[in-house]
Amino acid sequence: MKKFINPRKSNFYNSFYISLLFCLENFNSISIAVETLDNIDGIISEYFNSINPSIIPNLKRNKVVLLEYNNQTKNLYLISKKSFNSYGSIVLASFVTINFLEKLNKNYKNIMYIPWTDDEITYAQNNGFSSL
């Protein structure tokens, strides 16, 4: 299953929220993929800070945190181009280049992708991603 959500239909914050909820509702372990670890700062950290301010610091330090969602414990992993692993049942990819997305596409069966540019949207549409 490979899906993408177009952030231009709402905004990136809402697109990330919708994508994360989809992942939490359908999978027990999620890897958040960003190009570099610095990309976790900003919108992604703002979202998680609204839930629990310790999530992002722990995720950056340990590369994994446990999240409670609907009385279930979910594993949330952090991966980047330099700290790549194949944990997680699904990858939530945001702030990644097409080059890194291609690597994810080869290594993961399930990807939820938030493209940023028109080229990235075109790539998703032409490479088996369906719109959420």
Side-chain angles (χ1 to χ4, degrees):
M1 187 245 15
K2 298 185 192 299
K3 294 196 173 288
F4 78 98
I5 187 166
N6 189 339
R8 290 184 178 87
K9 290 185 178 178
S10 59
N11 62 44
F12 189 87
Y13 188 91
N14 288 339
S15 296
F16 185 81
Y17 171 75
I18 291 165
S19 299
L20 181 63
L21 282 181
F22 176 85
C23 293
L24 288 169
E25 290 172 2
N26 294 287
F27 298 92
N28 288 323
S29 59
I30 302 146
S31 289
I32 294 180
V34 291
E35 190 77 17
T36 69
L37 293 179
D38 290 340
N39 293 126
I40 198 79
D41 296 324
I43 293 171
I44 296 172
S45 64
E46 285 174 24
Y47 174 77
F48 283 108
N49 286 340
S50 69
I51 298 169
N52 181 336
S54 69
I55 292 174
I56 293 299
N58 287 331
L59 194 57
K60 283 176 146 181
R61 184 172 39 271
N62 303 319
K63 306 297 184 268
V64 63
V65 295
L66 299 177
L67 288 180
E68 292 295 322
Y69 180 77
N70 284 346
N71 298 319
Q72 296 179 352
T73 301
K74 308 281 185 163
N75 292 313
L76 182 65
Y77 299 96
L78 177 62
I79 60 175
S80 69
K81 202 169 188 176
K82 287 186 178 179
S83 64
F84 186 79
N85 64 54
S86 56
Y87 300 132
S89 304
I90 187 167
V91 171
L92 174 53
S94 59
F95 299 112
V96 297
T97 61
I98 290 174
N99 184 33
F100 186 35
L101 182 61
E102 287 174 341
K103 182 177 181 179
L104 294 169
N105 207 8
K106 290 176 186 173
N107 289 284
Y108 285 91
K109 179 179 168 187
N110 300 305
I111 300 174
M112 172 60 71
Y113 177 46
I114 306 172
W116 191 246
T117 66
D118 289 336
D119 288 343
E120 293 171 351
I121 292 168
T122 301
Y123 174 88
Q125 292 169 330
N126 292 336
N127 286 278
F129 288 77
S130 61
S131 183
L132 179 66

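Note: hydrogens, waters and symmetry copies are ignored here, and every other heavy atom, side chains too, is used. Only a predicted model underlies this, so the values are computations on that prediction, with no experimental measurement involved.
- Here the closest non-hydrogen pair linking Lys2 and Lys109 is NZ-O, 3.4 Å.
- The heavy-atom pair separating Tyr108 from Ser31 by the smallest distance is OH-OG, 4.1 Å.
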N/O donor to acceptor pairs below 3.5 angstrom from side-chain atoms of residues 92-102, sequence neighbours left out:
| from | atom 1 | to | atom 2 | distance (Å) |
| --- | --- | --- | --- | --- |
| Thr97 | OG1 | Glu35 | OE1 | 3.1 |
| Thr97 | OG1 | Glu35 | OE2 | 3.3 |
| Thr97 | OG1 | Phe100 | N | 3.2 |

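- Side-chain contact check for Thr73 versus Glu68: some heavy-atom pair is nearer than 4.5 Å.
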Audit row: Ser29, Ser89, side-chain hydrogen bond (donor to acceptor under 3.5 Å, both in side chains) steps and yes/no:
CA-CA 5 Å; Ser29 59; Ser89 304; 3.0 Å; yes
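- Of the inter-residue distances, the one linking Asn49 atom CG with Ser54 atom OG reads 9.0 Å to the nearest 0.5 angstrom.
- Separating the CG atom in Leu78 from the CD1 atom in Ile30 is a distance of 13.0 Å, to the nearest 0.5 Å.
- Considering CZ of Phe129 and CD1 of Ile5, their distance stands at 14.0 Å, rounded to 0.5 Å.
- Note that the CD1 atom of Ile44 and the CD1 atom of Ile55 stand 13.0 Å from one another [nearest 0.5 Å].
- Using a 4.5 Å heavy-atom threshold, the side chains of Leu67 and Asn52 count as separate.
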Audit row: Asn75, Leu66, side-chain contact (heavy atoms from CB on, under 4.5 Å) steps and yes/no:
CA-CA 5 Å; Asn75 292 313; Leu66 299 177; 2.7 Å; yes
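- Side-chain contact check for Asp119 and Thr122: no donor-acceptor pair (N or O, by modelled atom type) lies under 3.5 Å.
- Lys81 and Lys103 get closest at one heavy-atom pair: O-NZ, 4.2 Å.
- Judged as a side-chain hydrogen bond (donor to acceptor under 3.5 Å, both in side chains), the pairs with a partner in residues 55-64 (not counting sequence neighbours) are, in order, Asp41-Lys60, Asn58-Arg61.
- Within the model, atoms OG1 of Thr36 and NZ of Lys82 stand 8.5 Å from one another, a figure rounded to the nearest 0.5 Å.
- Looking only at side-chain heavy atoms (C-beta outward), Ile90 and Met1 come within less than 4.5 Å of each other.
- The side chain to side chain contact (heavy atoms under 4.5 Å, CB included) test with Phe4 is passed by exactly one of Leu132, Ile121, Ile111: Ile121.
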N/O donor to acceptor pairs below 3.5 angstrom from side-chain atoms of residues 16-27, sequence neighbours left out:
| from | atom 1 | to | atom 2 | distance (Å) |
| --- | --- | --- | --- | --- |
| Ser19 | OG | Ser15 | O | 2.8 |
| Glu25 | OE2 | Tyr69 | OH | 3.0 |
| Asn26 | ND2 | Phe22 | O | 2.7 |

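- Taking 4.5 Å as the limit, every side-chain heavy atom of Phe48 sits out of range of all side-chain heavy atoms of Ile40.
- Contact check for Tyr113 versus Asn127: no side-chain heavy atoms found under the 4.5 Å cut-off.
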